[in-house]
Protein chains: 2
Amino acid sequence: MTSSRSIGGGAFTGAAPIFAALGDRTRLKIVARLCGAGPLSIARLTEGGKVSRQAVTKHLQALERVGLARSSRIGRERLWELKARRLAEARHYLKEISTGWDAAIDRLRAHVELDED
Amino acid sequence: MTSSRSIGGGAFTGAAPIFAALGDRTRLKIVARLCGAGPLSIARLTEGGKVSRQAVTKHLQALERVGLARSSRIGRERLWELKARRLAEARHYLKEISTGWDAAIDRLRAHVELDED
DNA sequence: CTCATATGCAACCCCCGAGTTGCACTTAAT
DNA sequence: ATTAAGTGCAACTCGGGGGTTGCATATGAG
């Protein structure tokens, strides 16, 4: 219920943290992997990547801070998964913002007319 | 033509710089203002905000680096505007990623079933 | 010409993000 | 009981991001 048609205002800037969380290659890869597979342990997420396990852990915690991921210890390993709730929320933000951009894009295209861009 | 169904892979991480560029409140506000109005001078963009003119300039240059904005000097002022091309590209990224999330969200929801989240 | 505007440049500051390494600890496995 | 796997913690390095201030410069206004 928070916000709806707030693009032109400035209140939607709350999405900044989410963008920031996605503004890193390593993190984006992790999100992608968690998107494709079920809950994964830190060790699994570290495999393949080129950063240390600690780095991966930090990224996961970063995602947790913005509410995009959660974890739970099972035996000796900690399993991480994305949070549907927040993910849907983020998806909503993206959609809303890109919708706002549509108008801007049209306006810009009209403004430059024949010009390249 | 670059990428299309690349969510599950890892090549789409090229979107990271764009997310990073949007991962800052101040910059997000600037983008919003440029979205709503036509080309604006640095002075205009500085009005209202709480950061110095130099800060605004730096943010604009940051947006320029990722190709989201461009500028041109007119008389004694420099007018900034968003680049429709890149903006549309970013919009595409957002759409694609959020589409990829849809599947993940469904899977997550199914996985936790009755659970909260 | 003179003054106020709108910027550009450069030097600095402070803090945090990304990544690493070393060591301790807990929990399978054998 | 031993060993190996999977983490957690803490200390540290490096570099760049976000902001600021001061000064120089170009240009519209009177």
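To find a chain, count down the sequence lines: A is the first, B the second, and so on, and within it residues start at 1.
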Original post:
Between B/Glu81 and B/Arg70, is there a salt bridge with N-O shorter than 4.0 Å?
Top reply: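 A salt bridge links B/Arg70 with B/Glu81.
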Original post:
Does a distance-only test, which skips hydrogens and angles, find a donor-acceptor pair under 3.5 Å between the side chain of A/Lys58 and the base of C/dG19?
Top reply: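 In this structure, the two groups form a donor-acceptor pair.
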Subject >> Distance below 4.0 Å between B/Thr46 side-chain N/O and C/dA6 OP1 or OP2 >> reply: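 No.
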Original post:
What nucleotide, of C/dA18, D/dG6, D/dT21, holds the atom closest to the side chain of A/Arg27?
Top reply: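 It is C/dA18.
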Subject >> Candidates C/dG8, D/dG19, D/dG8 - which lies nearest the side chain of B/Gln54 >> reply: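 For the B/Gln54 side chain, the nearest candidate turns out to be C/dG8.
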Original post:
Is any side-chain N or O of B/Ser41 closer than 4.0 Å to OP1 or OP2 of C/dT7?
Top reply: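 Checking B/Ser41 against C/dT7: at least one side-chain N or O falls below 4.0 Å of OP1 or OP2.
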Subject >> Gap between atoms CD1 and C1', on B/Ile42 and D/dG19 respectively (whole Å) >> reply: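 Roughly 16 Å, once rounded to whole Å.
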**OP:** Tell me whether the OP1 or OP2 atom of D/dG19 has a side-chain N or O from B/Ser52 closer than 4.0 Å.
**Re:**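 So the side chain of B/Ser52 is outside the cut-off, no N or O lying under 4.0 Å from OP1 or OP2 of D/dG19.
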Subject >> Distance below 4.0 Å between B/His59 side-chain N/O and D/dG17 OP1 or OP2 >> reply: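 Result: no.
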Original post:
Roughly, in whole Å, what's the span from CG in A/Leu60 to C1' in C/dG17?
Top reply: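 Atom CG in A/Leu60 sits about 15 Å away from atom C1' in C/dG17.
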Original post:
A/Ile74 CD1 to C/dA28 C1': how many Å, rounded?
Top reply: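 Checked: the CD1 to C1' distance equals 14 Å.
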Subject >> Side-chain H-bond candidate by donor/acceptor type, B/Arg78 with B/Ser71, under 3.5 Å >> reply: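 Yes, side-chain donor-acceptor contact under 3.5 Å.
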Original post:
Between B/Leu82 and B/Val66, is there a shared hydrophobic cluster once you connect ILVMFWY residues whose side-chain heavy atoms come closer than 4.5 Å?
Top reply: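 Yes.
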Subject >> Whole-Å distance separating the CZ atom of B/Arg76 from the P atom of C/dA4 >> reply: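 Distance, rounded to whole Å: 12 Å.
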Original post:
In this structure, which one of A/Glu64, A/Lys29, A/Arg27, A/Gln54 forms a side chain to side chain contact (heavy atoms under 4.5 Å, CB included) with A/His59?
Top reply: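 Among the candidates, only A/Arg27 passes.
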Original post:
Side chain of B/Asp24: nearest nucleotide among D/dT7, D/dG18, C/dG8?
Top reply: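 The closest nucleotide is D/dG18.
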Original post:
Could you give the CD1-to-C1' distance, from B/Ile30 to D/dG18, as a whole number of Å?
Top reply: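 To the nearest whole Å, that distance equals 12 Å.
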Subject >> First of B/Thr57 and A/Lys50 reached from the 5' end of DNA chain C, by closest nucleotide >> reply: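 Nearer the 5' end of the strand: B/Thr57.
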**OP:** Please work out if A/Ala43 contacts a base, only the sugar-phosphate, or nothing of the nucleic acid, heavy-atom cut-off 4.0 Å.
**Re:**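 A/Ala43: backbone/sugar contact only, no base atoms under 4.0 Å.
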**OP:** Report the distance from atom CG of A/Leu28 to atom C1' of C/dG17, rounded to the nearest whole Å.
**Re:**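 A/Leu28 atom CG is separated from C/dG17 atom C1' by 16 Å.
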Original post:
Quick one: A/Leu79 CG to D/dG8 P, roughly how many Å, whole number?
Top reply: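 Result: 11 Å.
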Original post:
Tell me: CD of B/Glu77 to P of D/dA26, nearest whole Å?
Top reply: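 Whole-Å distance recorded here is 17 Å.
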Subject >> Where A/Ala69 and A/Lys83 come nearest, the two heavy atoms and their spacing >> reply: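 Answer, listing the atom of A/Ala69 first, then A/Lys83: O-CD, 3.7 Å.
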**OP:** May I ask you to say what A/Arg53 touches in the nucleic acid, namely base, sugar-phosphate or nothing, with a heavy-atom cut-off under 4.0 Å?
**Re:**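 Since a base atom lies under 4.0 Å of A/Arg53, the category is base.
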Subject >> Selection from C/dA6, C/dG8, D/dG8 that lies nearest to any side-chain heavy atom of B/Arg78 >> reply: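 Nearest nucleotide to the side chain: C/dG8.
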